[in-house]
Amino acid sequence: MYTQSFNVPDADGQSGAPLRAVPHDTALQAHFDAAIDADGKIEPRDWMPDAYRKTLVRQISQHAHSEIVGMLPEGNWISRAPSLKRKAILVAKVQDEGGHGLYLYSAAETLGTSRDQMFDALHSGKAKYSSIFNYPTLTWADVGVIGWLVDGAAIMNQIPLCRCSYGPYARAMIRVCKEESFHQRQGYEALLVMMQGTAEQKAMVQDAVNRWWWKCLAMFGPPDADSPNSVQGMRWGIKRISNDDLRQKFVDATVPQAEVLGVTLPDPDLKWNEARGHHDYGQIDWDEFWAVVNGDGPCNKERLATRVKAWNDGAWVREAALAHARKQQERAMKEAA
Ligand code: FAQ
């Protein structure tokens, strides 16, 4: 659906890349600003400032990489799921994450960046992906907690992206959010079952919650005051709700869910603040966050190595698919001649 935009005329009237070569023009800029001010959508064929395009490619490609690398921590448990039912659910969830990555790469391609460029950036370690996927999944309870908390945080962040000013990203997010909602529920339900089990199973859930809670709060990105991209991202209608506001919404939504589940959240400062109408919470370890983002988390090297190996092992599939497409094209041309 997104690739249609590659067939529109570019600045020279040639069919090909989006309109990136158009020189800066105040009338075009004014048209773009008016669309943003009116809360309209920007589409691939529309003129857009270079900085808007770059910001979108940065965010959408990072998001795509997160979905693809995000398959790995849970993928580790597919062969060890405790029942056929749990295995079927987990396989479906991990496949969904792969699908999300593919929609997002397609959305980024409409901005004139090729999939090969994005893969190169990921495989060479240049590109970022979400900090959360650089932590290990030690027990089966981690799979439930990833569904409940990691997907829960992802939904909180992604629902506002359904209203992003860039059309292809906003539309991709609608389906992604529906699927993430199933992911969150399956995780929570798996934990509810474990919390009705043995003392050992309950302890396993509590231990997983203790290990993942703070990492999930950090997923929303640095505090607003330290977030270099936020002001412009909000001005352009790419981001609709700030990092801190989304984090607060996540805390407020999760506290009652933890009570129903029967687990405690590992924060002695977590308490309801009547005056603010929100929960107060403790300090996030931002030094740890930046270390992980900059490549020094417990699993960064392992995740990247697994990803690169999968890419290399799949080379023969890509080559075979290309050879098949070439043959089909040659046959079609012969028949047409
Ligand atoms: N990890 O100025 P800001 C998922 C970087 S999908 C790593 O605030 P921005 C589904 C940021 O890129 C999870 N880096 O940046 C799933 C920037 O660096 P740059 C991914 C982070 O863009 C579930 C710098 O810090 N979701 O979980 C992180 O305005 C289960 C300064 O930050 C998305 O990508 C981080 N956590 O706001 C899959 C959603 N946070 O690029 C499998 C789309 C910040 O300047 C299993 N992205 N950084 O070098 C966004 O909404 C935004 O990009 C934010 C960051 C909110 C992540």
Side-chain angles (χ1 to χ4, degrees), residues 51 54-77 90 92-101 103-104 107-108 121 126-135 137 142-164 166 169-170 172-173 176-177 179-184 186-187 212 214-247 250 284 286 288-297 300 303:
K54 268 195 201 139
T55 297
L56 281 166
V57 169
R58 177 185 66 79
Q59 178 166 327
I60 301 172
S61 64
Q62 286 177 5
H63 192 166
H65 300 325
S66 302
E67 301 280 359
I68 297 295
V69 177
M71 297 167 79
L72 301 176
E74 289 170 285
N76 280 339
W77 280 90
L90 187 56
K93 178 188 191 297
V94 172
Q95 278 184 182
D96 283 352
E97 309 297 2
H100 298 172
Y103 316 146
L104 287 162
K126 260 190 276 160
K128 288 192 171 71
Y129 58 84
S130 183
S131 49
I132 197 75
F133 302 118
N134 291 306
Y135 293 96
T137 38
D142 289 41
V143 173
V145 168
I146 289 179
W148 174 36
L149 296 180
V150 176
D151 284 278
I155 297 169
M156 197 56 90
N157 164 269
Q158 287 170 189
I159 294 276
L161 291 174
C162 297
R163 293 187 291 115
C164 166
Y166 188 58
Y169 192 25
M173 278 301 107
V176 169
C177 285
E179 292 176 352
E180 298 291 21
S181 162
F182 148 67
H183 299 168
Q184 200 261 358
Q186 66 78 36
W212 288 92
W214 289 103
K215 284 68 173 138
C216 289
L217 295 194
M219 262 178 91
F220 293 93
D224 294 349
D226 302 325
S227 162
N229 302 302
S230 275
V231 171
Q232 188 61 71
M234 303 275 278
R235 164 72 190 99
W236 278 328
I238 296 173
K239 282 174 103 157
R240 297 287 178 167
I241 304 182
S242 81
N243 297 359
D244 284 332
D245 288 351
L246 284 172
R247 195 169 5 251
F250 175 72
I284 295 168
W286 292 111
E288 177 189 326
F289 170 79
W290 287 116
V292 174
V293 171
N294 291 321
D296 259 339
N300 294 58
R303 297 286 183 247

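Atoms within a ligand are numbered from 1 in the order they appear, just like the ligands themselves. Everything quoted here is computed from the prediction, not taken from an experiment.
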- Task: May I ask you to check whether N229 has an N/O atom sitting below 3.5 Å from an N/O atom of ligand 1?
- Result: yes

- Just let me know how S227 lines up against ligand 1, side chain, backbone, both or neither, with a heavy-atom cut-off below 4.0 Å. both

- Query: Mind checking whether M71 has a heavy atom under 4.0 Å from ligand 1?
  - Reply: no

- Query: Which class fits the ring pair H100 and Y103: parallel under 30°, tilted 30 to 60°, perpendicular over 60°?
  - Reply: tilted

- Message: With the threshold set at under 4.0 angstrom, would you say Q158 reaches ligand 1 through any of its heavy atoms?
- Response: yes

- Checking heavy-atom distances from atom 57 (C) of ligand 1 to each of Q62, Q59, M219, R247, the winner is M219

- Short version for P73: what comes under 4.0 Å of ligand 1, heavy atoms counted, is neither

- Message: I'd like the name of whichever of R58, K128, H63, K215 reaches closest to atom 33 (C) of ligand 1 through any heavy atom.
- Response: H63

- Item | W77 side chain vs T137 backbone, donor-acceptor pair below 3.5 Å | yes

- Message: Assess the residue pair D96 and K93 against the criterion (salt bridge (charged side-chain N to carboxylate O under 4.0 Å, His left out)); give the C-alpha distance rounded to whole Å, side-chain angles, the decisive distance to 0.1 Å, and a yes or no.
- Response: CA-CA 5 Å; D96 283 352; K93 178 188 191 297; over 6 Å; no

- Task: For ligand 1, indicate whether the residue K239 contacts it via side chain, backbone, both or neither (heavy-atom separation under 4.0 Å).
- Result: side chain

- Does even one non-hydrogen atom of G233 get within less than 4.0 Å of ligand 1? no

- Task: Would you indicate which of F289, F133, W290, F220 comes nearest to atom 16 (C) of ligand 1 when only heavy atoms are counted?
- Result: F133

- Using distance alone, determine whether P228 and ligand 1 share an N or O pair under 3.5 Å. yes

- Between L246 and ligand 1, which part of the residue brings a heavy atom under 4.0 Å of the ligand: side chain, backbone, both or neither? neither

- Heavy-atom nearest neighbour in the protein, as seen from atom 7 (C) of ligand 1, with distance rounded to 0.1 Å: Y129 O, 3.3 Å

- Could you tell me whether E97 and ligand 1 have an N or O pair separated by under 3.5 Å? no

- Message: Less than 4.5 Å apart, side chain to side chain, heavy atoms only: is that true for L72 and N76?
- Response: no

- Query: Side chains of P160 and L246: closer than 4.5 Å at any heavy-atom pair?
  - Reply: yes

- Where I238 and T55 come nearest, the two heavy atoms and their spacing: CD1-CG2, 3.9 Å

- Could you establish whether H183 and ligand 1 come within less than 4.0 Å of each other, counting only heavy atoms on the residue side? no

- Option of least heavy-atom distance to atom 30 (C) of ligand 1 (set: T55, I155, D151): D151

- Hey, what do you get for CD1 (I284) to CZ (R247), rounding to the nearest 0.5 Å? 4.5 Å

- Query: Less than 4.5 Å apart, any side-chain heavy atom of Y169 and any of L104?
  - Reply: yes

- D226 side-chain N/O to P223 backbone N/O, donor-acceptor pair under 3.5 Å: no

- Message: Residue-level breakdown please: for N243 versus ligand 1, do any non-hydrogen atoms fall below 4.0 Å on the side chain, on the backbone, on both, or on neither?
- Response: side chain

